[in-house]
Trainee: 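Quick one: this structure, given as structure tokens, is what I'll be asking you about.
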Amino acid sequence: MHNDTPALVAEDLTLSYGPVRALDGLDLRAEHGAVTAVLGPNGAGKTTAISCATGLLRPDGGSVRVLGEDPWRAGPGHRARVGVMIQDGGLTSGAPALTLLRYGASLHADPLDVDEVAQHLGIDEFGGTLVRRLSGGQRQRLALALAIIGRPDLVFLDEPTAGMDPSIRRRVRTLIKGLARTGTAVVLTTHLMDDVAGLADSVCVIARGRALASGSVDEVISDHQAGRGAACLQATLRDIEPGSLDALTADLQSLAAKHGARLELGAGGAADLESVLLDLMEEDA
């Protein structure tokens, strides 16, 4: 049972690599039982922030608390409660995939069922293959399985669906949603807006090491629209007769033009969020 304290709280986090300011007063938080998406261009500071949260890097300033503790000073018991998936990294290349997953499970007191996880993610199909011979998508599945096998209270997922075919991507999304429902705090970084719109309870858009916007997907979109002196209206029309679709589209376009609005059919969610992200990047450039 989790208390009301967030799983991750980073406040005014700073870190520099020589003259390069990787984190510049970053604020970030993630709640138990929720999926938090961290978005931003390459070099925005996403990986550095996660490295600070997992105790791999020590920030120059500010504070970060993970499950109520300073990750830099935390012991093995704390680290066992945090799962980490690093894109295409950290895997022992000379071991068969399923052997490595079973070994990872053996390091935890109450791991998930290895066979169930392997079957859900399709790892059983290449379980006897050496890691170094796996495709990029197969490595991603194995890295994800290793990150969650110990039932973590908080898990960091870096591009969890990258390189995966649509059917496996759907399984991964289902798995991530299931993790959150059990109370796990999930922090994911991704460039796929469909993943964000379909998974995230909250998002944090960062660039140059600081947060540009945060909140739910709808809040980030509506706040951005309001800041530009505009509003965004989203509606879903159901039970449309196929034969009337063209006429309905024409009516909607005419109505939008009458009010000086722009009609974007098929947008909303991922498309709107991607537009906001691009706008924020341009404004911050």
Side-chain angles (χ1 to χ4, degrees), residues 2-17 20-74 78-79 81-87 147 152-160 176 179-180 183-193 195-197 199-221 223-224 273-274 276-277 280-281 283-284:
H2 300 294
N3 57 30
D4 293 332
T5 304
L8 165 66
V9 180
E11 297 178 331
D12 199 24
L13 213 57
T14 61
L15 189 145
S16 297
Y17 300 108
V20 179
R21 190 83 155 177
L23 297 177
D24 189 17
L26 178 67
D27 293 331
L28 177 65
R29 64 189 289 137
E31 304 288 346
H32 292 284
V35 178
T36 301
V38 182
L39 311 176
N42 292 332
K46 302 186 298 294
T47 300
T48 300
I50 290 175
S51 295
C52 289
T54 52
L56 296 175
L57 290 175
R58 189 174 188 175
D60 299 329
S63 65
V64 57
R65 308 291 290 183
V66 172
L67 304 178
E69 297 186 44
D70 179 348
W72 182 257
R73 295 184 172 87
H78 174 272
R79 295 180 186 276
R81 298 171 61 199
V82 180
V84 184
M85 173 190 178
I86 302 173
Q87 187 179 8
D153 293 320
L154 169 64
V155 62
F156 295 92
L157 305 178
D158 185 14
E159 300 285 351
I176 292 173
L179 282 172
T184 298
V186 180
V187 177
L188 66 88
T189 64
T190 181
H191 290 92
L192 299 176
M193 293 302 103
D195 280 353
V196 179
L199 289 172
D201 298 290
S202 64
V203 300
C204 180
V205 180
I206 70 174
R208 300 187 184 186
R210 51 192 173 83
L212 302 182
S214 61
S216 69
V217 172
D218 288 342
E219 287 171 345
V220 168
I221 293 172
D223 288 351
H224 180 69
L273 185 60
E274 184 172 39
V276 170
L277 186 62
L280 289 171
M281 295 304 101
E283 292 168 5
D284 188 65

Trainee: Working to the nearest 0.5 Å, report the span between CG of L28 and OG of S214.
Mentor: 9.0 Å

Trainee: Who are the side-chain hydrogen bond (donor to acceptor under 3.5 Å, both in side chains) partners of T47, not counting sequence neighbours?
Mentor: none

Trainee: So which atom in Y17 and which in L57 form the shortest heavy-atom distance, rounded to 0.1 Å?
Mentor: OH-CD1, 3.2 Å

Trainee: Name the one of V35, V186, V217 that satisfies side-chain contact (heavy atoms from CB on, under 4.5 Å) with D201?
Mentor: V35

Trainee: T184 side chain to P152 main-chain N or O, any donor-acceptor pair under 3.5 Å?
Mentor: yes

Trainee: My understanding is that only residues two or more places apart in sequence, or in another chain, count here; which of them pass side-chain contact (heavy atoms from CB on, under 4.5 Å) with I50?
Mentor: T54, F156, T189

Trainee: With sequence neighbours excluded, tell me which residues meet side-chain hydrogen bond (donor to acceptor under 3.5 Å, both in side chains) with S202.
Mentor: T36

Trainee: Could you pull out the closest heavy-atom pair between A211 and D27, with the gap in Å?
Mentor: CB-O, 3.9 Å

Trainee: Stepwise, does the side-chain contact (heavy atoms from CB on, under 4.5 Å) test hold for N42 with H191?
Mentor: CA-CA 10 Å; N42 292 332; H191 290 92; 3.5 Å; yes

Trainee: With rounding to the nearest 0.5 Å, note down the distance linking SG in C204 to CG in L39.
Mentor: 8.0 Å

Trainee: Sub-3.5 Å donor-acceptor pair from the side chain of T14 to the main-chain atoms of G61, do we have one?
Mentor: yes

Trainee: Considering residues at least two apart in sequence or located in another chain, which fulfil the salt bridge (charged side-chain N to carboxylate O under 4.0 Å, His left out) criterion with R21?
Mentor: D24

Trainee: Where do R65 and G68 come nearest, in terms of heavy atoms and distance?
Mentor: NH2-O, 2.7 Å

Trainee: Is the backbone of L67 close enough, under 3.5 Å, to the side chain of H78 for a donor and an acceptor to pair up by distance?
Mentor: no

Trainee: Restricting to salt bridge (charged side-chain N to carboxylate O under 4.0 Å, His left out), what partner residues turn up for D70, sequence neighbours left out?
Mentor: R73

Trainee: Using atom types as modelled and distance alone, determine if a side-chain donor or acceptor of D158 lies under 3.5 Å from a backbone N or O of M85.
Mentor: no

Trainee: Applying salt bridge (charged side-chain N to carboxylate O under 4.0 Å, His left out), can you list everything that pairs with R29, at least two apart in sequence or on another chain?
Mentor: E31

Trainee: Can you find a pair of side-chain heavy atoms, one from L23 and one from P59, that are under 4.5 Å apart?
Mentor: no

Trainee: Nearest 0.5 Å please: distance from the CD1 atom of I206 over to the OG1 atom of T48.
Mentor: 8.5 Å

Trainee: Can you name the closest pair of heavy atoms from A53 and L8 and give their distance?
Mentor: CB-CD1, 4.0 Å

Trainee: Which atoms form the tightest heavy-atom contact between G25 and D12, and what is the distance?
Mentor: CA-OD1, 3.2 Å

Trainee: Does K46 use its side chain to pair, donor to acceptor, with the backbone of V38 at less than 3.5 Å?
Mentor: no

Trainee: For the atom pair OG1 (T190) and CG (L199), what is the distance rounded to the nearest 0.5 Å?
Mentor: 9.0 Å

Trainee: Looking at every non-hydrogen atom in both residues, tell me the closest pair between D60 and S16 and how far apart they are.
Mentor: OD2-N, 2.7 Å

